[in-house]
Structures are given as structure tokens and as C-alpha cells.
*Asks:* 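One structure, pasted below without further comment.
As the structure is a prediction and not an experimental result, all values here were calculated from the model. Computed from heavy atoms alone, side chains included, the values below leave out hydrogens, waters and symmetry copies.
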Amino acid sequence: MSSTFKYRLRSPLGGLAADLTAEYAPLGAGEEFFLQVDRHVRLSLPKGVNWRDACWLSFGLAAHAPDLVSRNPEGILVRVTSLDFPPAHFRSEVAALALDGWVRQEFALPDRGLRAVFDAEERSYRFQWGEHVEPFSDGLPE
């Protein structure tokens, strides 16, 4: 059965928001396209998802992969059925925060330190990734 997590962060700029609906199933419960997030953790994406959002959704799930595998040793497929957001209040990083919130809500998992904060001096958002290094920083020159 699917459930929805509503991510919200209010700020003087308006804030950040996303509604993520997802469900989960054991591996082998259906043949569909998925991303391999961990050896036994897979992610199925909604049709038409932006590639940046797909990357951040993967990261949001990967942050919890060890806990998910310990509870589901045979593996798990997380199927995101929708990611809805107002374009004026969204950045792709919010996809990770929404999936992080959904996973913690659905499985009662601990907070891994993924969050956004509003920086009043810079008048922008800063993202914190807990114990994880900056996602997608591979050291390649830009």
C-alpha cells in the first residue's frame, strides 16, 4: 500500500516543498525498470522524472540502505509513484529529503542528518548530508 510524505521547509523566500508517494515490495515482486541503489536495495521511479531528481531520490534512499537491508535481508524495491512539487518552491536536492522522510516514516528508521536550512546571510538554502560526503562530488574538474 502506498503512502505520502509531505516535505516542507518554510523560509523568508517562501520555502521548499515536495509531496512524495511511494510503496515497497520484496525483490522479485514485479518486473519493472529500477535503479540499483545497493546490492539489495532498488528504486523504481515515476514516469517522466527529471534526471536530477532521479539522482537525488537515489541518494535519499542510499542513506538508509544498510538499515533497509538489515530489516529485509532478501532485498527491497522502493517504488516512487509520484513526486509533486510547486516549481517555485523546489530544488532537486529536495527529492532526497522527501524520500529520506518517507523512508524514516515508513520504517521508523533513525534520522541520518539529511536536511535543508535557510541561510539568512546568504538568503539561500544550504543542504546538509549527515555523515555522507557531498553527494556526487567525484573530484573531477568542472
Side-chain angles (χ1 to χ4, degrees), residues 1-27 29-73 75-142:
M1 184 164 101
S2 67
S3 61
T4 300
F5 179 81
K6 295 176 181 280
Y7 176 84
R8 301 291 185 270
L9 173 68
R10 296 189 189 281
S11 79
L13 298 180
L16 299 171
D19 295 350
L20 181 137
T21 302
E23 60 193 17
Y24 65 93
L27 293 186
E31 298 298 321
E32 61 192 85
F33 175 81
F34 61 83
L35 298 176
Q36 189 82 30
V37 173
D38 188 78
R39 185 167 179 230
H40 296 291
V41 178
R42 296 177 181 168
L43 174 64
S44 174
L45 300 166
K47 292 183 182 191
V49 69
N50 181 281
W51 69 270
R52 287 181 182 94
D53 301 343
C55 292
W56 285 107
L57 286 167
S58 298
F59 178 76
L61 185 58
H64 296 283
D67 289 330
L68 290 171
V69 170
S70 71
R71 293 181 183 202
N72 304 278
I76 188 170
L77 169 72
V78 173
R79 184 179 296 118
V80 176
T81 55
S82 70
L83 176 65
D84 300 313
F85 50 86
H89 300 286
F90 185 77
R91 287 184 37 182
S92 290
E93 292 93 330
V94 173
L97 301 176
L99 190 50
D100 165 65
W102 181 87
V103 168
R104 289 189 295 118
Q105 171 184 278
E106 196 69 25
F107 297 98
L109 294 179
D111 184 345
R112 294 288 175 217
L114 281 63
R115 60 185 43 89
V117 294
F118 179 71
D119 185 329
E121 275 187 31
E122 297 290 325
R123 295 198 47 78
S124 66
Y125 298 101
R126 285 187 299 109
F127 293 89
Q128 301 169 352
W129 306 115
E131 296 178 5
H132 301 278
V133 297
E134 186 68 26
F136 316 116
S137 59
D138 55 13
L140 295 175
E142 293 185 22

*Asks:* Quick one: do R71 and D67 make a salt bridge, cutoff under 4.0 Å?
*Replies:* no
*Asks:* Whether the side chain of T81 engages the backbone of T21 through a donor-acceptor N/O pair (distance < 3.5 Å, no angle test) should be reported.
*Replies:* yes
*Asks:* Could you pull out the closest heavy-atom pair between A95 and L83, with the gap in Å?
*Replies:* CB-CD2, 3.9 Å
*Asks:* For atom CD of E131, decide whether the heavy atoms of other residues, nucleotides or ligands shown that lie under 6.0 angstrom number more than 12.
*Replies:* no
*Asks:* Hey, does L68 have a side-chain heavy atom less than 4.5 Å from the side chain of F107?
*Replies:* yes
*Asks:* Could you state the interatomic distance from OG (S58) to CG (D53), rounded to the nearest 0.5 Å?
*Replies:* 10.5 Å
*Asks:* So which heavy atom on P12 is nearest to which on R123, and how close?
*Replies:* CB-NH1, 4.3 Å
*Asks:* Taking the side chain as C-beta and beyond, is there a heavy-atom pair between R79 and S2 under 4.5 Å?
*Replies:* no
*Asks:* Which pair of heavy atoms, one from S92 and one from R52, lies closest together, and at what distance?
*Replies:* OG-CB, 3.4 Å
*Asks:* If you compare all heavy atoms of P86 against all heavy atoms of A17, which two are closest, and at what distance to 0.1 Å?
*Replies:* CD-O, 3.9 Å
*Asks:* Between Y125 and E93, is there a side-chain heavy-atom distance shorter than 4.5 Å?
*Replies:* no
*Asks:* Side chain of Q36, backbone of D38: donor and acceptor closer than 3.5 Å?
*Replies:* yes
*Asks:* Roughly how far, to the nearest 0.5 Å, is NE2 of H64 from CG of L99?
*Replies:* 7.5 Å
*Asks:* Is the closest side-chain donor-acceptor distance between S124 and D119 under 3.5 Å?
*Replies:* no
*Asks:* Please determine whether side-chain contact (heavy atoms from CB on, under 4.5 Å) holds for the pair N72 and H40, giving the CA-CA distance in whole Å, both sets of side-chain angles, and the decisive distance to 0.1 Å.
*Replies:* CA-CA 8 Å; N72 304 278; H40 296 291; over 6 Å; no
*Asks:* Mind checking the CD1-CZ spacing from I76 to R42? Nearest 0.5 Å is all I need.
*Replies:* 12.0 Å
*Asks:* Between E23 and L77, is there a side-chain heavy-atom distance shorter than 4.5 Å?
*Replies:* no
*Asks:* I'd like to know if D84 pairs up with K6 as an ion pair, taking the criterion as any Lys NZ or Arg NE/NH1/NH2 lying under 4.0 Å from an Asp or Glu carboxylate oxygen.
*Replies:* no
*Asks:* Between the side chain of S11 and the main-chain N/O of L13, is any donor-acceptor distance below 3.5 Å?
*Replies:* yes
*Asks:* From L43 CG over to Y24 OH, what is the distance, rounded to the nearest 0.5 angstrom?
*Replies:* 16.0 Å
*Asks:* Would you find a donor on one side and an acceptor on the other, under 3.5 Å apart, between the side chain of Q105 and the backbone of A108?
*Replies:* no
*Asks:* Evaluate V94 against Y7 for side-chain contact (heavy atoms from CB on, under 4.5 Å), listing each step before the verdict.
*Replies:* CA-CA 8 Å; V94 173; Y7 176 84; 3.7 Å; yes
*Asks:* Which value, rounded to the nearest 0.5 Å, describes the distance between L97 atom CG and L57 atom CG?
*Replies:* 10.5 Å
*Asks:* Take the angle between the ring planes of F59 and W56 and call it parallel below 30°, perpendicular above 60°, tilted in between.
*Replies:* perpendicular
*Asks:* Using every non-hydrogen atom in the two residues, find where L35 and A54 come nearest and quote the distance to one decimal.
*Replies:* CD1-O, 4.5 Å
*Asks:* NE2 of H89 to CZ of R10: how many Å apart, nearest 0.5 Å?
*Replies:* 10.0 Å
